[in-house]
Amino acid sequence: MEPKNTTFPSTYTASDWEDRLYTLWEKSGFFNPDECIKAGITKVDAEPFSIVLPPPNVTGTLHAGHASMLAIEDILIRFKRMSGYRTLWLPGTDHAAIATQSKVEKLLAGEGKTRADLGREAFLKRVEQFAQESHDTIIHQTKKMGSSLDWSREAYTLDEKRTLAVRTAFKKMYDDGIIYRGNRIVNWDPVGQTTISDDEIVYQEETAKLYYLKYGPFEIATARPETKFGDKYVVMHPEDERYQQYAHGDTLTVEWINGPIEATIIKDEMIDREFGTGVMTITPWHSHVDFDLAQKYHLDMEQIIDQSGHLLPIAGEFAGKPISEAREHIIAKLAGKGLVTKIDESYVHQIATAERSGATVEPQIMRQWFINVTKEFPRDGKTVTLKSLMQDAVRQEKIHLLPERFNKTYFNWIDNLRDWCISRQIWFGHQIPVWYRGEEVFCGIEAPEGTGWTQDPDTLDTWFSSGLWTFSTLGWPKTTDDFQTYHPTTVLETGYDILFFWVARMILMSEYFLADIPFKTVYLHGLVRDEQGRKMSKSLGNIIDPLDVIADYGADALRLSLVIGSTPGNDLKLSTEKITSYRNFVNKLWNMGRYVSLSFDAGNVTPKAKNVSDHWILTRLAEVTAEVTAHLDHYNISLASETLRDFTWNEFADWYIEIHKIEKNDAVLAHVFMTLLKLWHPFMPFVTEALFQTFAPNEKNPLMITAWPKADTLATKDDAEQFKLVIKLIQEIRAIRSIYQIEPAKKIAVTVTAGANEITLTQNNGAIFQHLARLSEIHVIATAADTPQNSIIVQAGLLRAYIELADVVDFEKEKKRLLKEKQDKERYITTLETKLQNKNFIERAKPEIIAAEKTKLEEAHKHLSDIDHHLTSLS
RNA sequence: GGGUCUGUAGCUCAGUUGGUUAGAGCGCUACAUUGACAUUGUAGAGGUCUCCAGUUCGAAUCUGGACAGACCCACCA
């Protein structure tokens, strides 16, 4: 039979459909919740469901990790939209200050230029041009994934509205004294020529030389002799008995690199007595711990190394030399003076490097802008700090992290949190809204009136603007409808690698400015790795480009492979084999549609269960609908799609469609298939919409906005149960065919029996066997209560089938098979009986479990007696 | 140094509060193939649930320990 629709090809070609369908959806306007309300699809007072897209950096293109983020979020959004929620998914991009600037600087370096050659204005133009190109690429890729984002609300962290939000936020914090400017020790990146935050540091293990130096009567150890010129404090533990003769504050003259200096004894408990000799000298200008110590005792601090990594005049003859060059010379000089006692060549330590430039971070004391995370202020009659606000949001379960174990990591991070340095010495970003004129300082949203003002040249850490993202995108500081409807947002879905960078900072900002949480649930996805579990990187050449995959396999296949097997907090391995297998599944679904189209009659036919197979499939459909809905409600996206896939392939395609070829009920077939299209739509929007449009072309009412299926059914459970047994029995019979290698052409004659008070074979499922004769070469010759002679027994529940195979079967072999089965069964019965005779079990186990065990025992006894009976009949 | 997680079939992993004779996909083996689909179907083989001890009537599941691995945080100079 030809398909009614002769244009229904036997293979689904994703590229023929995807762009067309995305345009169809976009034109419909239904990505925008306002349009859904206008069209009556969503009720005005419906519960809102909102997600703001974690804005990709405008540094280039999207990778597999972005693709997985888009897939997960789109699934949640499409599911909720179909379920009737007022659903908003808001897109945007991030200017990503340092990352973007350094990318452009690299491009410039290729042309032999630096940012200084261009000047601030021309350089910024260049960056913005690059950012615009990246933006366009990213939007194109995002659409290719099928993302149902509301483009009418698109935002950019550096656009006009977000700039207003940033300046408003800065001014408020400045006025409240939360933001302050101060001389403090910061992480200086000598290559990027900017400060960076603690989180932008990557520690790398390095084997270096550890020098043991004579410092007066003491011996100190250092890996960095070049910082030691100004060391005039020597620190030891107050309870260290070796140094009892020295008191805190004592001074003594020691011979040092450039001649004698006066050293002061400091006693402090932070010293580890076990390390080296238990004595160290400090360099407050270039070490965080030393700085803390110097502040504690009000010690002098002196700069030794300049911002480009060269030694200052304090180094005497070494002044002007870069660190790397100076180190060995300094040691040589010290050795000449007899001050080097030992050199440990294999000292392993962690050195701090800048994430972006790769340079070794040099701590420096500099004048920078900070957010004070420990400043106390009143809130609702209590005294709070930014730290405590961040802790409480999660501790009081206003925000749920998924998986929950990240709570601990989160609290741990906050405990160790220091003031956040928010100023950066780069050009691309939000320039700090502070102006100076002589001693005057002005902070405002606009530049101050009058002449002679100059704006602070620094820009803000990019995470300052991203921290405002959940509400700056919704119109804040204005009180817009969007803000009132969609904030706090429902879910934040992002990678666990930016929990601190971003998630924590959004909580900080939202709690401070709105006294509210930014989102209720945080779904933290893992990293996408290659098939061997390695990170994807250019140098390994193992990058899977989402666009390539979409071109070769289609967006739906990519989405499935990114979602199935992916659980919150765990990394995902992606391989082409995996993508291929889901492409196959997409095609399988397409062909199910092709089969359904053979008998599909447009027009709404109410499905009515006739055959037991109908009762079965409708009951299962209802069960699966309920399961999938529950899984999605609990963010178990992988489980939801696996449940659906198993049902679609193993039950609907392999059984129901096969049976439909014999026992037709077109209305039920079409109903189940159409319901499956809806259930699958969030996971694979393209192929489901393509099928939907093929069956019932309706561009105004796409599948995308049809109502999510309900889990009720007209079928009866008993009939469904009965059919399950029949399926099981057929599987047993097929196994026999395989065991005895009975050729497929040969029909098997089967006698089916069931006891009078047990499940009986109705006219209907008796018919199934007869019809199945063609399908699985099973031929039911009778239904009887008696055991036929010389036959093989198979059973499913209380159904039994006797297969008459006298001409093909070696009955000695069959006896052996039965004896083995008997042994297994007896062992099983013993286990069950022991269990059921156990008083503790009877008293403590749940009644359902006991009942289930009893049924199992009953069945096992029945099977055993059947086997016995059959064994005697064989001999 | 502190912390988190993982260890189940050859591979990738499910396994909800302890209770079916421990599951799936891929791979492997055998068979089938004009059929909606060779991007398919049917069946099979394959597991001491890393190891040891404990709690319990009962442990893949809970507790302690060992071993192996992954990751995060932290400038012991």
Side-chain angles (χ1 to χ4, degrees), chain A residues 1 3 8 10-12 187 198-199 201 203 210 220-224 235 270-272 274-283 286-290 347 349-352 361 363 403 405-406 408-409 412-413 415-416 496-497 499-500 527 531 533 564-565 567 569-573 575 577-578 580-581 583-598 634 636 638-639 642 645-646 650 653-654 657-658 661 731 734-739 741-745 776 824-825 827-828 831-832 834-835 837-846 848-850 852-853 855-856 860:
Chain A
M1 198 202 311
F8 214 130
S10 68
T11 308
Y12 170 67
N187 307 304
D198 291 346
D199 301 295
I201 287 177
Y203 289 96
L210 185 66
I220 59 158
T222 183
R224 302 201 56 194
V235 193
M270 56 88 53
I271 286 288
D272 177 1
E274 306 300 314
F275 190 89
T277 55
V279 180
M280 73 170 195
T281 59
I282 60 167
T283 315
H286 299 292
S287 158
H288 285 90
V289 261
D290 294 4
Y347 175 61
H349 70 151
Q350 307 281 322
I351 57 162
V361 169
R405 68 181 141 91
F406 279 99
K408 283 187 183 171
T409 327
N412 192 19
W413 178 80
D415 287 342
N416 297 319
Y496 65 75
D497 50 329
L499 177 64
F500 307 136
L527 267 47
E531 61 231 281
I564 298 184
T567 47
N570 294 323
D571 294 350
L572 174 80
K573 286 180 192 162
S575 61
E577 289 77 40
K578 197 171 172 188
T580 311
S581 72
R583 192 266 322 266
N584 295 353
F585 177 65
V586 169
N587 193 61
K588 179 86 181 171
L589 187 75
W590 177 261
N591 273 290
M592 288 177 216
R594 195 157 178 254
Y595 177 81
V596 173
S597 77
L598 297 176
H634 294 106
N636 290 325
S638 179
L639 273 180
E642 282 172 86
R645 183 200 50 199
D646 293 348
N650 303 335
D654 290 349
I657 289 187
E658 290 307 319
K661 289 173 182 170
Q731 281 173 329
R734 283 176 177 170
I736 289 292
R737 179 184 286 281
S738 191
I739 288 168
Q741 301 195 331
I742 299 158
E743 20 175 316
S776 52
D824 286 352
K825 208 55 83 177
R827 208 175 313 139
Y828 180 47
T831 320
L832 281 177
T834 323
K835 203 173 192 179
Q837 279 160 14
N838 188 316
K839 267 186 200 162
N840 286 309
F841 176 70
I842 299 294
E843 282 165 19
R844 294 181 208 175
K846 287 180 197 160
E848 313 86 271
I849 289 165
I850 297 172
E853 300 285 309
T855 317
K856 277 186 273 175

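Lettering follows sequence order; numbering is per chain, from 1.
Pairing for B:U17 is absent, judged as Watson-Crick or G-U wobble with the two contacts each under 3.5 Å. The nucleotide B:U39 finds no pairing partner, because no Watson-Crick or G-U wobble arrangement with both distances shorter than 3.5 Å includes it. Across the strands present, B:U61 finds no partner; the criterion is a Watson-Crick or G-U wobble pair with both atom distances under 3.5 angstrom. Using the Watson-Crick or G-U wobble rule with both distances under 3.5 Å, B:U48 pairs with nothing in any strand shown. Pair assignment for B:C11 gives B:G25, based on Watson-Crick or G-U wobble hydrogen-bonding distances that are each under 3.5 Å. Partner assigned to B:C71 is B:G3, using Watson-Crick or G-U wobble distances below 3.5 angstrom.
For the P atoms, the distance linking B:U39 with B:A24 amounts to 24 Å, nearest Å. The separation of B:U50 from B:G41, taken at their C1' atoms, amounts to 38 Å, rounded to a whole angstrom. One C1' atom belongs to B:U12, the other to B:A30, and the distance between them is 25 Å to the nearest Å. B:A68 and B:G54 are spaced 23 Å apart, taking the C1' atom of each and rounding to whole Å. One P atom belongs to B:G46, the other to B:A22, and the distance between them is 14 Å to the nearest Å. Nucleotides B:G10 and B:C72 have their P atoms positioned 30 Å apart, rounded to a whole Å. The gap from the P atom of B:U42 to that of B:C51 amounts to 35 Å, rounded to the nearest Å. Separation of the C1' atoms belonging to B:U17 and B:C62 is 11 Å when rounded to the nearest angstrom.
Here the P atom of nucleotide B:C5 and the CG atom of A:Asp571 are 15 Å apart, to the nearest Å. When rounded to the nearest whole Å, the span between CG of A:Asp198 and C1' of B:A74 equals 11 Å. Atom CG of A:Leu832 is separated from atom P of B:G58 by 16 Å (rounded to the nearest Å). The distance between atom CG of A:Asn570 and atom P of B:U4, rounded to the nearest whole Å, is 16 Å. We find that CG of A:Asp497 is positioned 10 Å from P of B:C73, with the value rounded to whole Å. In this structure, CZ of A:Phe500 is placed 13 Å from P of B:U4, rounded to the nearest angstrom. In this entry the distance linking NE2 of A:His349 with P of B:A77 reads 7 Å, nearest Å. As a whole-Å value, the separation of A:Arg645 CZ from B:A14 P is 13 Å.
In the set B:C72, B:A74, B:A36, B:A36 carries the atom at the smallest distance from any side-chain atom of A:Leu598.
Contact annotation: A:Tyr595 side-chain N/O to B:G35 OP1/OP2 distance is not under 4.0 Å. At B:C57, one or more side-chain N or O atoms of A:Arg844 fall inside 4.0 Å of OP1 or OP2 (strictly under the cut-off). Residue A:Lys573 places at least one side-chain N or O closer than 4.0 Å to OP1 or OP2 of B:C13.
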Begin from the C-alpha positions of A:Tyr828 and A:Lys856 and carry the test side-chain contact (heavy atoms from CB on, under 4.5 Å) through to its verdict. CA-CA 10 Å; A:Tyr828 180 47; A:Lys856 277 186 273 175; 3.2 Å; yes
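The shortest side-chain heavy-atom distance between A:Ile849 and A:Phe841 falls under the 4.5 Å cut-off.
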With sugar-phosphate taken as primed atoms, P, OP1 and OP2 and all else as base, the protein-contact string of nucleotides 37-44 of chain B at under 4.0 Å (heavy atoms; B, S, -) is B-BSSSS-
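A:Ser638 contributes a side-chain N or O that, together with a main-chain N or O of A:Gly565, makes up a donor-acceptor pair within less than 3.5 Å.
Toward the 5′ end of RNA chain B lies the nearest nucleotide of A:Thr567, the other residue of the pair A:Tyr828 and A:Thr567 mapping further downstream. When the nearest nucleotides of RNA chain B are assigned to A:Glu642 and A:Lys408 by heavy-atom distance, the more 5′-ward of the two goes with A:Lys408.
A distance of 11.5 Å separates CD1 of A:Ile351 from CD1 of A:Ile201, quoted to the nearest 0.5 Å. Note that NZ of A:Lys578 is 8.0 Å distant from CD1 of A:Ile564, once rounded to the nearest 0.5 Å. How far NZ of A:Lys588 is from CG of A:Asp654: 5.5 Å, rounded to the nearest 0.5 Å. Put simply, OG1 on A:Thr11 and CG on A:Asn591 are 7.0 Å apart, with the number rounded to the nearest 0.5 Å. Note that CG of A:Asn587 and CZ of A:Arg594 are 10.0 Å apart. Values are rounded to the nearest 0.5 Å.
Side-chain N/O atoms of A:Lys835 and base N/O atoms of B:U20 include no donor-acceptor pair closer than 3.5 Å.
In this pair, A:Phe406 and A:Tyr496 present their aromatic rings parallel. The plane angle is below 30°, not in the 30 to 60° band.
The residue from A:Asp290, A:Thr222, A:Val289 that alone fulfils the side-chain contact (heavy atoms from CB on, under 4.5 Å) condition with A:Met280 is A:Asp290.
Across all strands, A:Ala845 comes closer than 4.0 Å to base atoms (heavy-atom distances). Within the nucleic acid shown, A:Ile351 has no heavy atom closer than 4.0 Å to any nucleic acid atom. Counting any heavy atom pair closer than 4.0 Å across all strands shown, A:Thr222 reaches sugar-phosphate atoms only and no base atom. Looking at heavy-atom distances under 4.0 Å, A:Ile220 makes no contact with the nucleic acid at all. Within 4.0 Å of A:Leu499, counting heavy atoms only, lies no atom of the nucleic acid at all.
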